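This one's a predicted model, so the numbers in the text were calculated from it and none came from an experiment. All values below were derived from every heavy atom in this structure, side-chain atoms included, with hydrogens, water molecules and symmetry-related copies excluded. Convention: sequence-line order gives letters A, B, ...; per-chain numbering from 1.
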Number of protein chains: 2
Amino acid sequence: MEKEITIYDIAKGLGVSPTTVSRALNNHPAVKEKTKKKIFDAASELGYQSNIFAANLRSKRSNNIGVIVPSLKSNFQASVLAGMEKVASEAGFNLVISQSLESSEKEIANTKSMFNSRVDGLLISLASGAENLEHFAPFYKRGIPVIFYDRIANTDISTGVSIDNIQSAQIATNHLIEQGCKRIVHVLGSTEVSVYSERLKGYKYALIDKNIPFEDNLVIILSDINEEAGEEIVSQILKMNPLPDGLFVSNDACAASCLNHLKMNGIRVPQDMALVGFNNEIISRLVEPKITTINYPGYEMGEVAMKNLINHLEEPDTTTLQNTNKITLRSELIIRESSLKKPKT
Amino acid sequence: MEKEITIYDIAKGLGVSPTTVSRALNNHPAVKEKTKKKIFDAASELGYQSNIFAANLRSKRSNNIGVIVPSLKSNFQASVLAGMEKVASEAGFNLVISQSLESSEKEIANTKSMFNSRVDGLLISLASGAENLEHFAPFYKRGIPVIFYDRIANTDISTGVSIDNIQSAQIATNHLIEQGCKRIVHVLGSTEVSVYSERLKGYKYALIDKNIPFEDNLVIILSDINEEAGEEIVSQILKMNPLPDGLFVSNDACAASCLNHLKMNGIRVPQDMALVGFNNEIISRLVEPKITTINYPGYEMGEVAMKNLINHLEEPDTTTLQNTNKITLRSELIIRESSLKKPKT
DNA sequence: ATTAAAAATACAACCGATTTCATAAAAAAG
DNA sequence: CTTTTTTATGAAATCGGTTGTATTTTTAAT
């Protein structure tokens, strides 16, 4: 155990005060260039490493930004995190990441843990069933910025970054209707999650617009829409009479799995059933037929959310964040073979 | 700005010393139960929050574990991180994550940043081209454990968690040979990355075992093997004369993309060309034909790496880590249609 | 040359919990 | 009812930068 080199050691060695050393190392303008140089040289000579704990204690900032994701095992979340990491790292912030695993209790625990470890800001995509948002109160009370992304909260106080899920789902559903679909099944996750409940709305709006009656039993809600769910979904669809002619799945991996099981049951896509997914994941481009989907800008979402958070941290006087309630990113329908009953116009 | 509640406030309010408060809050046995209760009650009454900066300063530990990944935008890495997060979170550690983006310089910068932010341990999957490992010296010097995972370092000092890439590739190649393939193309990433250079070895060993001559031009090395690379790879393959009859791609997403382009060019899989991927990603199960692949236990790798790190942190006296050079996880070939030229035996 | 203004450096308090060592209180032993 | 042992609490130093204020040094102005 070698003893740690401190600014006091440097100061003593150079016959200056610790104050000057501290200021020099932080590039404070009130220190002469010559002195700075001397101090920098001595510091690197001695192998000095700043003790960030002491600095944090005094400055009351950790330079850490917390991110809570529903699950790390998600293409979309991985993209978001990549965008966040890039921006944070460029601005000199570290990312502290934890996952709620769709459990409200774990989300609360994670939030507390982030608060106790004194992150400078928090980015969070809500777990399903997180209707009570009291666990963020400590952050607001202390003025620590919290930004929701993707699965945002519908309260007035919060700032959120997301896409227009209602519109996206409406466009997707509308596209299926235009392709001649009359009975469209919509598969989604728990409506406790904002993105799903909004997409359901969009689906309904599209139907209403075209005077197609909304049928409850055409909506399949599962707690987890993923690869495994495909079999169950298709078996449910096959029991419907008459058979639906359109399928809008809120997630590409699940859509691809449905496609697979539909094919296994002799149902042709798009001829018998047109299919639209969501997210524009790689899988949507590599299955056969390629899946029509909504392009969902995960990486950009991460960048935007992080940029906003950091802007706010660096200029706390601007009231941007408080006044910004919602940032909506552009999303778009990407039409591929899986939905084309009619020739492309 | 409300002033922060400290243990001094609690102490003053109760007429005890800060020492006792500190001990009580840490559940020290030398404090009477009655006193503890009194202190806990006062603490929650006042809304006390421990100042972790001060605690860190004194205890010289951050309770943070750093993870450096080549890229967050990766199914595999996401799985690994999920495993790590679960174990870390259960043990009360936070995860600080950054990505090197396959750049050696950024890896060095990230490593420094992790060191300066005083993580208690470091987990890292090396960026390609990271032959020089001096940037980890400060960690070793200070006794901060570093564990490599997946893309490990081949030095004596380091501990690594990975699969047996040589053997896996050998089994995969051998499987293709047994299916009757005579000319097998191997697609891999930069051989500067341990996993790829090892798989290339395995590929060669399998050929040698079966007395098939190794041909340099059957090996396609790309800096990034991903979806986009498929087109280029297939075009290169089509130029080969005679046409190969087997294809072993070191990554499922890329394999799926190759499959796509092969089909577009009228090449039947597996009849004309048998295909094996790597990673057992979801995509390998949903394309047609389903892709034979190596199951790669990402989540478990994350768990194992993190467990080992934490064990070491909690029992630094045991010399487990120093003496453990390498932990190898089980991997296996999963045979699906894409490689079955012969009927399954 | 003298004074005013500006620039550079130093002093000392502070951030808030932890911990060693000493001391007081309570319990056990004689 | 002492004396010894055990248990519980406290005083004060410490971790290592940061920062408001004071002081010294340097430069500019008169």
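Taken to the nearest 0.5 Å, the CE atom of B:Met301 stands 14.0 Å off from the CE atom of B:Met306.
Rounded to a whole Å, the CZ atom of A:Phe53 is 20 Å from the C1' atom of C:dC14. For B:Gln49 and C:dA17, the CD to C1' distance is 13 Å, given to the nearest whole Å. In this structure, CG of A:Asn51 is placed 17 Å from P of D:dT14, rounded to the nearest angstrom. Rounded to a whole Å, the NZ atom of B:Lys12 is 13 Å from the P atom of C:dA17. Atom CD1 in A:Ile7 sits roughly 17 Å away from atom P in D:dT14 (whole-Å rounding). We find that CG of B:Asn116 is positioned 15 Å from P of D:dG16, with the value rounded to whole Å. Following rounding to the nearest Å, A:His28 (NE2) and D:dT21 (P) show an atom-to-atom distance of 14 Å. Atoms CZ (A:Arg58) and P (D:dG17) sit 14 Å apart, rounded to a whole Å.
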Criterion side-chain contact (heavy atoms from CB on, under 4.5 Å) on A:Glu85 and B:Leu72, from CA distance to verdict: CA-CA 9 Å; A:Glu85 198 277 342; B:Leu72 280 162; 3.8 Å; yes
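B:Phe40 and B:Tyr48 have their aromatic ring centers separated by at least 6.0 angstrom. Remark: aromatic rings of B:Phe53 and A:Phe53 are distant, center separation not under 6.0 Å. Checked against a 6.0 Å centroid threshold, the rings of B:Phe136 and B:Phe115 do not count as neighbours.
Contact annotation for A:Val16: backbone-only contact, meaning every heavy-atom pair under 4.0 Å involves sugar-phosphate atoms and none involves a base. Across all strands, B:Ala55 comes closer than 4.0 Å only to sugar-phosphate atoms, never to a base (heavy-atom distances). Among the atoms of the strands shown, none is found under 4.0 Å from any heavy atom of B:Ser59.
Here C:dT18 is the nucleotide among C:dA10, D:dG16, C:dT18 with the atom lying nearest to any side-chain atom of B:Asn26. Taking the side chain of B:Arg23 as heavy atoms from C-beta on, and the options D:dG16, C:dC11, C:dT20, the nearest nucleotide is C:dT20. Looking at the side chain of A:Thr19, the nearest of the listed nucleotides C:dA12, D:dT9, C:dA17 is C:dA12. Picking from D:dT19, D:dA13, C:dT9 the nucleotide with the shortest atom distance to the side chain of A:Ser22 gives D:dT19. Residue B:Lys32 has its side chain nearest to D:dT9 when only D:dT9, C:dT9, D:dC15 are considered.
Residue B:Glu33 is the one, among B:Arg118 and B:Glu33, whose nearest nucleotide of DNA chain D lies closer to the 5' end (criterion: closest heavy atom). Summary of the strand contacts: B:Pro29 and B:Ala54 both lie near DNA chain D, and taking for each the nucleotide with the nearest heavy atom, the more 5' one is attributed to B:Pro29.
Contact check, B:Lys60 against D:dG16: a side-chain N or O comes under 4.0 Å of OP1 or OP2.
With hydrogens and angles left out, the side chain of A:Thr20 and the base of C:dA8 share no donor-acceptor pair within 3.5 Å. Judged by distance alone with a 3.5 Å cut-off, no donor-acceptor contact links the side chain of A:Tyr8 to the base of D:dG16.
Defined by atom type and a distance below 3.5 Å, a donor-acceptor pair is present between the side-chain atoms of A:Ser17 and A:Thr20.
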